[in-house]
Protein chains: 2
Amino acid sequence: MSHNHKKCIKTSLEFAHKVSQDKAMRLTPQRLQVLKILLDDHKALGAYEILERLRDMNLASQTTPQPPTVYRALDFLLEMGLVHKVESQNSYYACMIERSADGVHIAQAFICESCGAVEEKTAEASVKKLYEKAATFGFEVNQVIMECRGFCANCQKQNEFFYE
Amino acid sequence: MSHNHKKCIKTSLEFAHKVSQDKAMRLTPQRLQVLKILLDDHKALGAYEILERLRDMNLASQTTPQPPTVYRALDFLLEMGLVHKVESQNSYYACMIERSADGVHIAQAFICESCGAVEEKTAEASVKKLYEKAATFGFEVNQVIMECRGFCANCQKQNEFFYE
DNA sequence: ATTGGTATGTTATAATATAACAAAAAGAGG
DNA sequence: CCTCTTTTTGTTATATTATAACATACCAAT
Ligand SMILES: [Zn+2]
Ligand SMILES: [Zn+2]
Ligand SMILES: [Zn+2]
Ligand SMILES: [Zn+2]
């Protein structure tokens, strides 16, 4: 997945500010810091990895960030739809799809088990089928979790020799 | 979800024995005990809930089961496709769909957030769409996780007054 | 019987997440 | 600006989920 990641970050941050304003929610410096850590690249990080980076970034400060700090920031960012959780590995990544006004949406994550990269895609088709299935037995859907684990195109190339 | 649960358990156990034989894997008493605990009803249990029940069942024995005992049994049952994990709540439930020879399959779990019941369905349509999406960017799928959280038909009925 | 693989028992600890409460900061209204 | 209320942050402790490591027991095949 090669792209202009600087621009990618810029767009995401602009959207984050916008959606926070719209919802009258406060994207405080701490929350922003966590978001930036996750935007750093397209990988999912565990809460304690985020904590480490947060500490690295705040060596000058008098206080050392603690776990609740990270989890609170994540709660906020998840709520705003700016970050998603990879349930199958208890890790978190910054949303990377173009969104309309509202930040909240169903994410479909493709997680590479070799390099750890996460590709997020919209999932209208699969989700539609899933809703149809739910309807067949009267299930009312609140939340959909779709995760796909495997190998990204890059890692397949790099490991071609395995298949010879 | 009303059905003949006695028969439901019987069928599942028979299948478990069969698939273990076929794969030359050993469905030992401990593993069987954990499976039976999960078959008890169509809910997902956490590993430590399973542990408690296991302890209750083995009060007579000299030894008290420990966490690794549960996790090892779960690893086995997951591997055999006899049990699935609900990634979004770190819990486990016994597979409840009719399966062909091989026990391993993609499960689609509908989890009621009110009563905790899990309905498992086959998900061919959604999964097909998901594979198609993966193909568009060369992603090689190893594992698919599909979980749907919401309210089952029963709980909707019982809470109708909420919507008045 | 010996051996090599598999399963279990046991202890300790790692990794993930939250409770609870105090202090500080921010926003709303006068 | 001052006060009140709500939200956010700091801090300590602890709950919850999962695995490492190593010893022992079991089982099956030579
Ligand atoms: Zn990018
Ligand atoms: Zn997203
Ligand atoms: Zn049943
Ligand atoms: Zn199943």
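Source: prediction; values computed, not measured. Proteins get letters first, then strands, A, B, ... in listed order; numbering begins at 1 in each.
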Note to self: How many whole angstroms separate atom CG of L54(B) from atom C1' of dG9(C)?
What the structure shows: 13 Å
Check: With the sugar-phosphate defined as primed atoms, P, OP1 and OP2, and the base as all remaining atoms, what B/S/- string results for nucleotides 24-30 of chain D, 5' to 3', for protein heavy atoms under 4.0 Å?
Finding: ---S---
Checklist line | Distance in angstrom units between D75(A) CG and dT8(D) P, rounded | finding: 11 Å
Item checked: Separation of atom CD in Q33(B) from atom P in dA7(C), rounded to whole Å -> 17 Å
Next item on the list: Could you pull out all residues at least two apart from E113(A) that satisfy salt bridge (charged side-chain N to carboxylate O under 4.0 Å, His left out)?
Entry: R149(A)
Note to self: Distance check needed: dT6(C) P versus F76(B) CZ, whole Å only.
What the structure shows: 13 Å
Next item on the list: Report the residues that fulfil salt bridge (charged side-chain N to carboxylate O under 4.0 Å, His left out) with E98(A), sequence neighbours left out, ordered by chain and then residue number.
Entry: none
Notebook entry, point to check: Reading nucleotides 11-17 of chain D from the 5' end, what letters show protein touch, with B for base, S for backbone sugar-phosphate only, - for no heavy atom under 4.0 Å?
Noted result: BB----B
Next item on the list: Please identify each residue that fulfils ring-ring contact (aromatic ring centres under 6.0 Å, His included) with H17(B), with sequence neighbours left out.
Entry: none
Check: With a 4.0 Å cut-off, would you call K36(A) and D40(A) a salt bridge?
Finding: no
Next item on the list: With sequence neighbours excluded, give me every salt bridge (Lys or Arg N to Asp or Glu O under 4.0 Å) pair touching residues 48-64 of chain B.
Entry: none
Check: Starting at CG of L27(B) and ending at P of dT6(C), how long is that distance when rounded to a whole Å?
Finding: 17 Å
Notebook entry, point to check: Which pairs pass salt bridge (Lys or Arg N to Asp or Glu O under 4.0 Å) with one or both residues in residues 78-93 of chain B, sequence neighbours excluded?
Noted result: K85(B)-E87(B)
Note to self: Does the plane of the ring in H3(A) sit parallel, tilted or perpendicular to the ring in H42(A)? Use 30° and 60° as the thresholds.
What the structure shows: tilted
Item checked: L51(B) CG - dG9(C) C1' separation (whole Å) -> 13 Å
Margin query: Rounded to whole Å, please give me the gap between CG in L74(A) and P in dA17(C).
Written below: 9 Å
Margin query: Can you pull out every salt bridge (Lys or Arg N to Asp or Glu O under 4.0 Å) where at least one residue sits in residues 57-69 of chain A? Sequence neighbours excluded, please.
Written below: none
Next item on the list: Take the protein atom CG of L78(B) and the nucleotide atom C1' of dT19(D), then report the distance between them rounded to whole Å.
Entry: 15 Å
Next item on the list: Could I get the full list of salt bridge (charged side-chain N to carboxylate O under 4.0 Å, His left out) partners for K10(B), not counting sequence neighbours?
Entry: E14(B)
Checklist line | Partners meeting salt bridge (charged side-chain N to carboxylate O under 4.0 Å, His left out) with K128(A) (sequence neighbours left out) | finding: E132(A)
Note to self: In dot-bracket form, 5' to 3', how is DNA chain C paired? Count Watson-Crick and G-U wobble pairs only if both distances fall under 3.5 Å, and write | where the partner sits on another strand.
What the structure shows: ||||||||||||||||||||||||||||||
Checklist line | Residues in ring-ring contact (aromatic ring centres under 6.0 Å, His included) contact with F110(B), at least two apart in sequence or another chain | finding: F137(A), F139(A)
